[in-house]
Amino acid sequence: MIPSSLPGPSRQPRLARAGGPRRALAAILATAAALAGAAMTAATAAPSTTSVAPDPAPPAPVRRYALEQLASAPYYRVTLNDAVYAASLRGDLGDLRILNSAGEFVPYSFDNTAAPTRPATRRPLRWFPLPAAASPGAADSALSVTIGPDGGLRAAAKPPPAATRGGDVIDLGADSPPLSALLIHLQDSSWQGRVDISASEDLRAWTPVIQAPLLKAASGDATLAQERVDLDGLRARYVRLRWPDGAPALAGIEGESIPVDATPPTRAWRGGIATRAGASPGEYLFDTGGAYPVDRIQFDLPQANTVAYGQLYSRNDARQPWRMVAAGQLLRLQGGSATNAAGDEQRNPPWAVPVDTDRQWRLLVDTRGGGLGSGQPTVALGWRPTVVTFVARGAGPFVLAVGNSAWEPVAVPLADLMAVEAAAPAQARLGQELAPMPAALAARPADPDSNRRYVLWAVLVVAVVVLGLMAWRLSRANSG
């Protein structure tokens, strides 16, 4: 007989099965509590970590300029001055905004040319070869031409041999329209060099206009050519071409003229920029001081009677390599010669360069002939001022702001900004500089710890849901 105090064999397994779910459920709840505590600790610890970090340097103030409206219109155009380029932190002016009186941004577009009412016209020009050793002031013999009663040039002798040809003279004719460009068509299939262009009214006193590169290269059926030289509405009777790299064979020369109402804005100049000596002999460095869209460079040499060859390089900052943008002759000769009857100094014309907004520049001068001598050259920069067209949305007065590093480009194409039948934009102009933009209107950076907290809270919620589901399933299994 079995004593009644001893448990029966069938009761021990039942007790074990009943205690297992309770212990598992208790463990799950303890784990959930631990996860919640850890997540809360990590989330609340993030701000304390940020608080001990040093504050970043305050951003540069955003400059503001008043926009003076000269008439009432839905659209306005304003031409930027050098102060806007100096304040901009981007070469593309992407940190520029137009605001109304409520501080709202209004749409705007960049536009550097007026809409032409008539297309540009081209006409073939006649040119006369100039011997390399000829004096430009000796019009009758050196140019191998005669001058008619009306001032027109006529060939009077055989042209010089190609090997001795050093330039060409073009007679534009009396009362000719201003030239916006010369198109110098090269006959050679492969040629690269420079052309110096000067202008004159009497074939004796010549004024330098520009030094520009020309290029023609053929490969199979494809041809790459740069034969256009912009002249900015040049008015002159005669134009002279000089070829420092040897005269090419010419297939033709055309003159391009555009209507006055389609002429781009007058080129702006900023002169007197000082240079400093670089680490190498003949190296001169200078900074433009702004994001100017430079397309002309003029050098003022320190000593008279200086002739040297130079190469010009640019870069945006010291982290980038130098890239070559132009090369040519640097010239400063005393006046009073046959080439300059007025006695003025003869200087090299401005160098034409592709539009370049880099701030740091370097001039390398060939020192084999003594370079530029003692002293430092100064530099003048020329550029086409940018025109901003904007919609006068909201109430005025309107303000131009520039210089916020957090702003990205938002300019829209002019075709998207202007209505189909909209009248021409009214003219506005930049007024006085206002107080810097209040910090409340500038874009503020996002909280760097906000994303971390969101992730931690998301992990916490998911963990609690999963553990709750596991506890619910164990509870059902136990009740069953």
Side-chain angles (χ1 to χ4, degrees), residues 125-148 150-156 159-160 164-184 193-214 229-248 250 253 255 267 269 296-301 304-309 328-352 380 382:
L125 301 176
R126 188 180 180 188
W127 71 95
F128 300 88
L130 174 67
S135 168
D140 292 331
S141 59
L143 299 181
S144 302
V145 297
T146 59
I147 303 177
D150 59 351
L153 301 183
R154 297 174 177 83
T164 62
R165 174 171 146 256
D168 302 276
V169 173
I170 303 171
D171 180 9
L172 297 178
D175 300 325
S176 61
L179 280 181
S180 59
L182 275 181
L183 291 95
I184 305 174
R194 297 161 292 154
V195 58
D196 286 344
I197 298 181
S198 304
S200 175
E201 294 294 337
D202 57 8
L203 292 173
R204 293 184 179 274
W206 293 91
T207 301
V209 176
I210 192 173
Q211 181 183 96
L214 296 179
V229 181
D230 291 324
L231 296 179
D232 304 332
L234 174 67
R235 292 181 180 271
R237 177 61 196 265
Y238 308 104
V239 172
R240 184 182 68 189
L241 311 180
R242 287 286 198 183
W243 306 99
D245 304 311
L250 301 180
I253 300 178
R267 179 170 282 103
W269 286 91
R296 296 290 188 274
I297 299 282
Q298 176 68 58
F299 297 99
D300 186 10
L301 305 186
N305 295 331
T306 300
V307 179
Y309 179 80
Q329 188 180 58
L330 300 169
L331 179 69
R332 180 183 173 187
L333 299 176
Q334 290 180 338
S337 64
T339 62
N340 200 330
D344 298 330
E345 282 191 335
Q346 181 183 358
R347 299 170 183 261
N348 58 275
W351 290 7

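Residues take their numbers from the sequence shown, with the count starting at 1. Because only heavy atoms are used, hydrogens play no part in the values below, and waters and symmetry mates are left out as well, while side chains stay in.
Of all heavy-atom pairs between Pro208 and Pro349, the closest is CB-CB, 3.6 Å. Contact detail for Arg347 and Leu301: the closest heavy-atom pair is NH1-N, 4.4 Å. Heavy-atom minimum distance, Arg194 versus Trp243: O-CE3, 3.6 Å. Nearest heavy atoms, Ser176 versus Ala236: OG-O, 3.8 Å.
To the nearest 0.5 Å, atom CG of residue Leu182 and atom CG of residue Leu172 are 7.5 Å apart. Of the inter-residue distances, the one linking Ile297 atom CD1 with Gln211 atom CD reads 12.5 Å to the nearest 0.5 angstrom. Rounding to the nearest 0.5 Å gives a distance of 12.5 Å between CD1 of Ile210 and CH2 of Trp351. How far OH of Tyr238 is from OG of Ser200: 8.0 Å, rounded to the nearest 0.5 Å.
When side chains are defined from C-beta on, Gln298 counts as touching Asn348, because their heavy atoms get closer than 4.5 Å. In this structure the side chain of Val239 reaches within 4.5 angstrom of the side chain of Ile197, judged on heavy atoms. Proximity of Ile253 to Leu241: side-chain heavy atoms (C-beta onward) are separated by under 4.5 Å at one or more points. Proximity of Arg126 to Asp171: side-chain heavy atoms (C-beta onward) are nowhere separated by under 4.5 Å. Side-chain contact between Val169 and Trp127 is absent, with no heavy-atom pair separated by less than 4.5 Å. For the pair Asp168/Leu130, no side-chain contact is recorded, criterion being any heavy-atom separation below 4.5 Å from C-beta on.
Formation of a donor-acceptor pair under 3.5 Å by the Arg296 side chain with backbone atoms of Pro350 is not found in this model.
When Ile184, Ile170, Leu183 are each tested for a side-chain contact (heavy atoms from CB on, under 4.5 Å) with Leu125, only one passes: Ile170.
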Go through the steps to decide whether Leu330 and Thr306 satisfy the test side-chain contact (heavy atoms from CB on, under 4.5 Å), and finish with yes or no.
CA-CA 8 Å; Leu330 300 169; Thr306 300; over 6 Å; no
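Note on Asp202 versus Arg237: no salt bridge recorded, every NZ/NE/NH1/NH2 to OD/OE distance being 4.0 Å or above.
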